[in-house]
A.B. asks: 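Just passing along the structure, written as structure tokens.
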Amino acid sequence: MAASKGGATGWYSAIVKAVPSGDSLVLAAKSSNKPGPPPERTVTLASIMAPKLARRGGIDESFAWESREYLRKLCIGKEVIFKIEYTVPSIGREFGSVFLGDHNVAKLILSEGWAKVREQGQQKGEASPFLAEYQVLEEQAKQKGVGMWSKAPGAADAAIRNLPPSAIGNPSNLDAMSLLSANKGRPMQGIVEQVRDGSTVRVYLLPDFQFVQVFVAGIQSPSMGRRAALEPAAEKAINSDEQNGDSSEPRAPLTSAQRLAVSASTEVAPDPFAVDAKYFTEQRVLNRDVRIVLEGVDKFSNLIGSVYYSDGESAKDLALELVENGLAKYVEWSANMMEDDAKRRLKNAELQAKKTRLRIWTTYVPPPTNSKAIHDQNFTGKVVEVVSGDCIIVADDSVPFGNPLAERRVNLSSIRCPKMGNPRRDEKPESYAREAKELLRTRLIGQQVNVQMEYSRKVTMGDGPMSATGSGDSRVMDFGSVFLPSSIKGDGDEPTPASSTAGSQPAGINVAELVVSRGFGTVIRHRDFEERSNYYDALLAAESRAAAARKGIHSAREPAVMHIKDLTTVAAKKARDFLPFLHRSRKVSAVVEYVLSGHRFKVLIPKETCSIAFSFSGVRCPGRDGPYSDEAIALMRRRIMQRDVEIEVETVDRTGTFLGSLWESRTNMAVVLLEAGLAKLQTSFGTDRIPDAHLLEQAEQSAKKKKLKIWENYVEGEEVSNGPAAETKQKEVLKVVVTEVLGGGRFYVQTVGDQKVASIQQQLASLNLQEAPVIGAFNPKKGDIVLAQFSADNSWNRAMIVNAPRRAVESMKDKFEVFYIDYGNQEEVMYSQLRPLDPSVSSAPGLAQLCSLAYVKVPSLEEDCGPEAAEFLSAQTLSTSKEFRAKVEERDTSGGKVKGQGTGPIIIVTLVAVDSEISINAALVQEGLARIEKRKKWDPKDRQVALDNLEKFQDEARSARRGIWVYGDIQSDDEDVAPPVRKSGGRR
């Protein structure tokens, strides 16, 4: 022990470790150069004697407890200096002077009347140098009647403790179950009298002085060894020391070192770090005031409890302190008696001690795990997609827009939500899977979040766990905690936002905790050394609250079943049948489920409980392999993915995709695409039907002027593609012959001089077509390309089966409806007029191209003047068999790619005979068999010029009352009725 007291020889400094009685102290060195606990010694105060405490069956002397308590409270745990004045070898005792600061401890005791001066006959020639002063102080205390010199009647008898049987001898005399029943969970005051090992203490419970042995709940420290039966002499020496008998000299208990020396030959050595654990506990609770919370009783009637001690202004949990310092391990069976929060703290503390290989875990080897910590990967971003209740996709703010790495998939740490299932494998969502996903969608989509990445885990492709050395197909999933800023208002049923401090979670709501607190997820019970959420305790607490409230998956009830009809997987006709339901309301509320391309989406309509494929009318982005396709998809994902939107459906195409307009927060999203230069406007879709069509035109013109994205090579007056070939604004002119006329100004043409025409005709001429087909050997089906004999001239031509008998062919007279793909006409023929066709001939595309007259409205065959218009067009084109120049004004692909009569891609043309001064379009208008299309204020210049030219012919027909003008001006049909004026708050 270090010298002190101004450097005076023989004085040492120490810490008071224990106070066995009112006149003795156990002192421990402040520090030691040797490993393990520091050396200690027991010092009895020289020349004074305090009343003796009862030991092993005896009773206290009067005022013995009060005397010990005075000295304990005065000195325990404090630094003192001491000097050995004399020793008594016969009893192995050291007697000395102890100073607390500048105060002589013996003087303080005598002044308060809690000890007396030894008689000279008891000193055996040795005495304290302060003896004279002690005698004066004793006399003064007697005169004052303080402490043990009290003159109150019966004071001496009242000062003797009434010890219960459990306080005498072995603590096993206690009725443990009764004590537990009366006090379970209630803090009890006590004083620790002995420390058996790091996790076992013996305590006086106050105020009844019940002497109990308590095993600290939830932990176990290393064993101090097993003591065998002692030799009789050794047992007698220890017992006599503990009893303190009627010896003429006061005797303190043997120190640990002395007891070990007596029985060294009969004890098993302590486990590693057992002595350290015991000393750790002694430093903190021996002879200290503690609070004991009884948790349970084991099968041997041992009390299991939690021990709390004071450390300044705070209370410390002895079990937690031992585990954190690597001096005890977590024990599941006794931890189960504790509250969940306390169990979690112990478990986490042990995990941390294992990670740092602290003390008893020095040689610990963690089990193999498939998880790995992620460091320094925190980021902020906007949530663009909710995959499920425990997985989201966040657009990282630090990564430029358009970069494939901008979107990061984040799985929420340490929780598991019900699976959404896989529709492709006919897997239905588990109970509350939709609710969990919808909770995150409504709270997170489009919101800025803070993400703390915590660990990654290797999993099999089936999402099941795999061993750390697992092989086969696997992928790595990243896990983290996501925080929603607390400034975003919730619905009042969510975790309290945490404050932002250095090294703690960001200010905001922990999304995983929110999901678990609603009962939409469970907390994963990780193996000991698996990585986990940094906020694991909060997740477990949220789960406990949800279970107690019987929320979500913890309740007995099943969620409401939602049957969603997926119209994206049905036939186009069935999707088309649904169109009237979407036309009942002009605007329909919807949710964008997926972004399939920049202009095409899968949309959920909750009101109609269906999902549809939806595409912008008149707006098209580059194809999947085209330039800026990915950027268009990324833009739409950030703007509308899983957002609440409004749609207005106009029609449905042949593939079952609904066409219309879509608004998010009153913003037309087609306008956003066009403004960004990521799409083109296609007027062939009929812009007169599109709401906000003028805004679309303006947006495209703006992108062109700024040369954005797909317009980066745009030159005024020309449109230059991003490919190697440049497409000028000069309109294409085709040389054609008309092969078939339909109603409504539509007709089929063949291109003159096309080498394909000559090649196909040559192949057909070389075929041997004499033999009729054999019934059963040739069974043409709908969609097959065959040879059919045209009834007008008995020529054989390629044809597509449009309609066939549903049964097998039974007769040569069975009827088939065919479409001649090289001419555009259609008729019904018998089976005998069909022949199979070699694939080399049938695979070539049809030569007939469907066309429509530009800028004019021609009545259909069912309307007034419709038949006359068709007859006029036939007379002008078919009867003469002459060539025409077809100027391509637009191409309309809304009808799809498969050609049939009146269907397929349409070339919208101005048709002019080679020897004619006016176009067929103008001739029809001049004869009153057609009228010009409705003008729009945002029409391009070339369209305005064309309409101006045609208007002269229309005025002539109207004045002469020809055709449709026979009764004067006509009313506009439904197609030309302008949409009603919309209020500013409706859509824009």
Side-chain angles (χ1 to χ4, degrees), residues 184-185 195-201 213-224 270-285 290-300 302-309 311 315-369 371 373 413-414 454-455 522-541 543-544:
K184 182 174 174 57
V195 175
R196 195 190 78 172
D197 56 49
S199 57
T200 309
V201 294
Q213 179 168 272
V214 177
F215 291 84
V216 182
I219 67 166
Q220 181 178 334
S221 290
S223 171
M224 285 296 294
D271 291 342
F273 297 100
V275 175
D276 300 78
K278 181 180 179 183
Y279 181 73
F280 183 93
T281 299
E282 287 176 337
Q283 273 189 307
R284 287 153 178 78
V285 301
V290 296
R291 287 187 298 114
I292 306 293
V293 178
L294 298 180
E295 309 285 3
V297 173
D298 68 9
K299 61 182 179 181
F300 301 108
N302 294 313
L303 286 172
I304 312 297
S306 299
V307 179
Y308 302 91
Y309 65 93
D311 182 15
K316 293 291 185 69
D317 181 352
L318 178 61
L320 186 61
E321 293 292 308
L322 283 164
V323 174
E324 286 180 341
N325 285 276
L327 293 171
K329 63 181 181 180
Y330 175 80
V331 179
E332 187 75 32
W333 68 266
S334 64
N336 288 335
M337 301 176 182
M338 306 166 66
E339 294 184 354
D340 290 341
D341 286 347
K343 288 172 57 179
R344 285 196 294 272
R345 287 194 292 271
L346 289 179
K347 191 72 174 174
N348 291 343
E350 182 187 63
L351 178 61
Q352 190 60 35
K354 286 178 176 179
K355 287 181 178 180
T356 55
R357 291 184 169 86
L358 192 59
R359 295 189 173 90
I360 65 174
W361 307 111
T362 301
T363 59
Y364 178 76
V365 178
T369 176
S371 61
S413 296
S414 298
E454 291 164 332
Y455 62 92
T522 56
V523 181
I524 297 171
R525 267 53 182 181
H526 294 282
R527 291 178 295 176
D528 279 354
F529 227 70
E530 278 188 333
E531 298 293 336
R532 62 195 66 199
S533 169
N534 294 334
Y535 312 100
Y536 193 70
D537 289 349
L539 297 179
L540 289 171
E543 183 181 45
S544 297

A.B. asks: Which heavy-atom pair separates E531 from K355 by the least distance, and what is that distance?
C.D. replies: OE1-NZ, 4.0 Å

A.B. asks: Closer than 3.5 angstrom, by distance alone: can the side chain of N336 be matched with the main-chain N or O of E332 as a donor-acceptor pair?
C.D. replies: yes

A.B. asks: Working to the nearest 0.5 angstrom, can you tell me the gap between L318 CG and S221 OG?
C.D. replies: 8.0 Å

A.B. asks: Does K343 reach the side chain of Y330, with side-chain heavy atoms less than 4.5 Å apart?
C.D. replies: yes

A.B. asks: If you take all heavy atoms of A217 and S306, which pair is closest and at what distance?
C.D. replies: CB-OG, 4.2 Å

A.B. asks: Can you check side-chain contact (heavy atoms from CB on, under 4.5 Å) on R284 and K316, steps first, answer last?
C.D. replies: CA-CA 10 Å; R284 287 153 178 78; K316 293 291 185 69; over 6 Å; no

A.B. asks: Do the charged groups of E350 and K354 touch, with an N to O distance under 4.0 Å?
C.D. replies: yes

A.B. asks: Could you measure the distance from the CG atom of L358 to the CG atom of L327? Nearest 0.5 Å is fine.
C.D. replies: 7.0 Å

A.B. asks: I'd like to know if the side chain of S199 reaches the main chain of Q220, judged simply by a donor and an acceptor atom lying under 3.5 Å from each other, with no hydrogens or angles considered.
C.D. replies: no

A.B. asks: Do S544 side-chain atoms and L540 backbone N/O form a donor-acceptor pair below 3.5 Å?
C.D. replies: yes

A.B. asks: Can you tell me how far the CZ atom of R345 sits from the CG atom of D317, to the nearest 0.5 Å?
C.D. replies: 7.0 Å

A.B. asks: Can you check side-chain contact (heavy atoms from CB on, under 4.5 Å) on F215 and V201, steps first, answer last?
C.D. replies: CA-CA 7 Å; F215 291 84; V201 294; over 6 Å; no

A.B. asks: Should E295 and V293 be marked as a side-chain contact (heavy atoms from CB on, under 4.5 Å) after you check the CA-CA gap, both sets of side-chain angles, and the distance that decides it?
C.D. replies: CA-CA 6 Å; E295 309 285 3; V293 178; 4.0 Å; yes

A.B. asks: Starting at NE2 of H526, measure out to CG of L351 and round the result to the nearest 0.5 Å.
C.D. replies: 10.0 Å

A.B. asks: For A315, is there any backbone N or O sitting under 3.5 Å from a side-chain donor or acceptor partner on D311?
C.D. replies: no

A.B. asks: Just checking, is any N or O donor in the side chain of E454 or S413 under 3.5 Å from an acceptor N or O on the other one?
C.D. replies: yes

A.B. asks: Using every non-hydrogen atom in the two residues, find where V523 and E543 come nearest and quote the distance to one decimal.
C.D. replies: N-OE2, 3.1 Å

A.B. asks: Under 4.5 Å between any side-chain heavy atoms of L539 and S533, yes or no?
C.D. replies: yes

A.B. asks: Under the ring-ring contact (aromatic ring centres under 6.0 Å, His included) definition, can you give me all pairs with a residue in residues 341-366, not counting sequence neighbours?
C.D. replies: W361-Y364, Y364-F529

A.B. asks: Under a 4.0 Å N-O cut-off, is there an ion pair linking D197 with K278?
C.D. replies: no

A.B. asks: R359 side chain to F273 main-chain N or O, any donor-acceptor pair under 3.5 Å?
C.D. replies: no

A.B. asks: Looking at every non-hydrogen atom in both residues, tell me the closest pair between D271 and P222 and how far apart they are.
C.D. replies: CB-CB, 3.8 Å

A.B. asks: Could you tell me if the side chain of N348 sits less than 4.5 Å from the side chain of R532, heavy atoms only?
C.D. replies: yes

A.B. asks: Distance check, rounded to the nearest 0.5 Å: T200 atom OG1 versus I219 atom CD1?
C.D. replies: 8.5 Å

A.B. asks: Looking only at atom types and distance, does a side-chain atom of R357 sit under 3.5 Å from a main-chain N or O of A353, one as donor and one as acceptor?
C.D. replies: no

A.B. asks: Considering all heavy atoms of both residues, which atom of G296 and which atom of M337 are nearest to each other, and what is their separation?
C.D. replies: CA-SD, 3.7 Å

A.B. asks: When rounded to the nearest 0.5 angstrom, what is the spacing between CG in L346 and CG in L322?
C.D. replies: 10.0 Å

A.B. asks: Within a strict 4.5 Å, meaning less than it, do heavy atoms of the Y455 and E530 side chains meet?
C.D. replies: no

A.B. asks: What heavy-atom pair brings P270 and M224 nearest, and what distance separates the two atoms?
C.D. replies: CG-O, 3.5 Å

A.B. asks: Should V297 and L303 be marked as a side-chain contact (heavy atoms from CB on, under 4.5 Å) after you check the CA-CA gap, both sets of side-chain angles, and the distance that decides it?
C.D. replies: CA-CA 5 Å; V297 173; L303 286 172; 3.9 Å; yes

A.B. asks: Evaluate the side-chain proximity of L294 to I304: yes if any heavy-atom separation is below 4.5 Å, no if none is.
C.D. replies: no

A.B. asks: Taking the side chain as every heavy atom from C-beta outward, state whether Y308 and I292 have any atom pair closer than 4.5 Å.
C.D. replies: no

